[in-house]
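A note on names: the letters A, B, ... follow the listed sequences, proteins ahead of strands, and every chain is numbered from 1.
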Number of protein chains: 2
Amino acid sequence: MLRLSTKCQYGVRAMFEIAKGYNSGPVTIKEISEKQDVSVAYLEQILNQLRKAGIIKSVKGPGGGYILDKEPGSISIGAILRELEGPVAITSCLDPKEGCIRVEGCVTHLLWKSLGEKIEAFLDNMTLQDLINGSESRGEQLITITRKGKRIRK
Amino acid sequence: MLRLSTKCQYGVRAMFEIAKGYNSGPVTIKEISEKQDVSVAYLEQILNQLRKAGIIKSVKGPGGGYILDKEPGSISIGAILRELEGPVAITSCLDPKEGCIRVEGCVTHLLWKSLGEKIEAFLDNMTLQDLINGSESRGEQLITITRKGKRIRK
DNA sequence: AAAATAGTCTACTAATTCTGTCAAGTATTA
DNA sequence: TAATACTTGACAGAATTAGTAGACTATTTT
Ligand code: FES
Ligand code: FES
């Protein structure tokens, strides 16, 4: 129930690899493909979309690859997912592009809206830097950060 | 992104109608269909599944229909959704029936797990009674309840 | 200049999941 | 026994997902 597409999952994992190389130059699709077990062809599609959105830059030719446009701490997971699949919208009623005539008087609308907001807040408050920190400390820090929920959404 | 199926949405709305009739006898599929704009045939499928799960009971023959098995305050939205579509599993890696060989060392696994737990806690803490209260006060109470998040999950 | 590296872009398709419909039942009550 | 209402399983069209393929452009190295 409530599955996240593989596209989004792969996108975040690819962004993590690029983020790791933030201080050491561009990361190639091939490297990402090998480290994250995702086909080069599929990654091309995903990264292209993220590049057009402006959250990564690309460098062509030998020695090229992808680089983050901002520091890892300034790119949230929510931002990545939104670029790949639009805003969080648990139901079509909540999607700005779709909407619903039943909204007023609908008993469940506020329920889904409220849940959607919680999810979005969570995703917007988590950054690539958190993933990097988490991977260094075997995930313990990630858990701490999310449980305490101290940081404020930008 | 992260859509909830119409089946789940209709399921909750149908359960709401049945919950409203908790003190006034069985509610028929036809009534639910009319009030919630969902086809009788589709509701049959959905309600049957919920009946088999034991969260509603059915009464056959004239005057029959569906009744809640417990009071509205004891049936959480999470329980309804789980019966219809299995546990919350943002990724297949988190699904007990699927799993993933990459779990150890996967940088995003804890992220999705953590998000899934938050979603589940939200859904398990919200009951049909909350929906009823919300519909009576035009949703204001629902918002208050969710924002404060005081209640404890059973 | 040529070769090698690396990203860009568009189209297409196979598979899966979703969203239902349909028809032929069974059980209960008036 | 007629009417009401739930029960069950099969099926199908539509939409989405998940990916592949191939031809192209840009940059650097030799
Ligand atoms: S059905 Fe669209 S808002 Fe509830
Ligand atoms: S890819 Fe399965 S746990 Fe991360």
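Residue contacts shown for A:Lys57 are absent, as no nucleic acid heavy atom lies under 4.0 Å away. Note on A:Ile29: only backbone sugar-phosphate atoms sit closer than 4.0 angstrom, heavy atoms only; bases stay farther off.
A:Glu104 CD: 12 or fewer foreign heavy atoms inside a 6.0 Å radius.
Across the protein-nucleic acid pair, B:Leu84 atom CG and C:dC18 atom P stand 12 Å apart, rounded to whole Å. Distance B:Asp37 CG to C:dG20 P: 12 Å, rounded to the nearest Å. Taking atom CD on A:Gln49 and atom P on D:dA18, their separation rounds to 13 Å, with Å as the unit. In this entry the distance linking CD of B:Gln9 with P of C:dC18 reads 13 Å, nearest Å. If you take CD of A:Glu85 and C1' of D:dA18, they are 11 Å apart, rounded to a whole angstrom. Atom NZ of A:Lys7 is separated from atom P of D:dT17 by 8 Å (rounded to the nearest Å). Atom CG of B:Leu47 and atom P of D:dT7 are 9 Å apart (whole Å). Rounded to whole angstrom, the span from the CZ atom of B:Arg3 across to the P atom of C:dC18 amounts to 13 Å.
Across its full length, the helix from C:dA1-D:dT30 to C:dA30-D:dT1 shows an angle of 10° between the axes of its 5 terminal pairs at either end, rounded to 10 degrees.
Counting heavy atoms from C-beta on, the side chains of B:Cys100 and B:Val103 come closer than 4.5 Å.
Between B:Lys7 and B:Glu83, none of the side-chain N atoms (NZ, or NE/NH1/NH2) sits under 4.0 Å from a carboxylate O, so this pair counts as no salt bridge. Under a 4.0 Å N-O distance rule, the pair B:Asp95/A:Arg3 qualifies as a salt bridge. Looking at B:Glu120 and B:Arg82, a side-chain N of the basic residue comes within less than 4.0 Å of a carboxylate O on the acidic one, giving a salt bridge.
For B:Ser39, a side-chain nitrogen or oxygen approaches OP1 or OP2 of C:dT21 to under 4.0 Å. Side-chain nitrogen and oxygen atoms of A:Arg51 include at least one within less than 4.0 Å of the OP1 or OP2 phosphate oxygen of C:dT8. At the phosphate of C:dT8, OP1 or OP2 sits under 4.0 Å from a side-chain N or O atom of A:Ser58.
For D:dT20, the base has a donor-acceptor partner in the side chain of A:Gln45 [N/O atoms by modelled type, under 3.5 angstrom].
When distances are taken from the side chain of A:Tyr42 to each of D:dA5, D:dT8, D:dT20, the shortest belongs to D:dT20. Closest to the A:Thr28 side chain, of the nucleotides D:dT7, D:dA5, C:dG7, is C:dG7. Picking from D:dC6, C:dT19, C:dG7 the nucleotide with the shortest atom distance to the side chain of B:Tyr66 gives D:dC6. Nearest to the side-chain atoms of A:Ser5 among the listed nucleotides C:dG20, D:dC6, D:dA18 stands D:dA18.
In terms of position along DNA chain D, the nucleotide closest to A:Thr6 lies nearer the 5' end than the nucleotide closest to the other residue of the pair A:Pro62 and A:Thr6. Nearest-nucleotide mapping onto DNA chain C: of B:Glu44 and B:Gly61, the residue sitting toward the 5' end is B:Glu44.
Shown here for A:Ser76 and A:Asp124, the closest heavy-atom pair between the two residues is CB-O, 3.4 Å. Counting all heavy atoms, side chain and backbone alike, A:Pro26 lies closest to A:Glu31 at O-OE1, 4.3 Å.
Note that the CD1 atom of A:Ile46 and the OG1 atom of A:Thr6 stand 7.0 Å from one another [nearest 0.5 Å].
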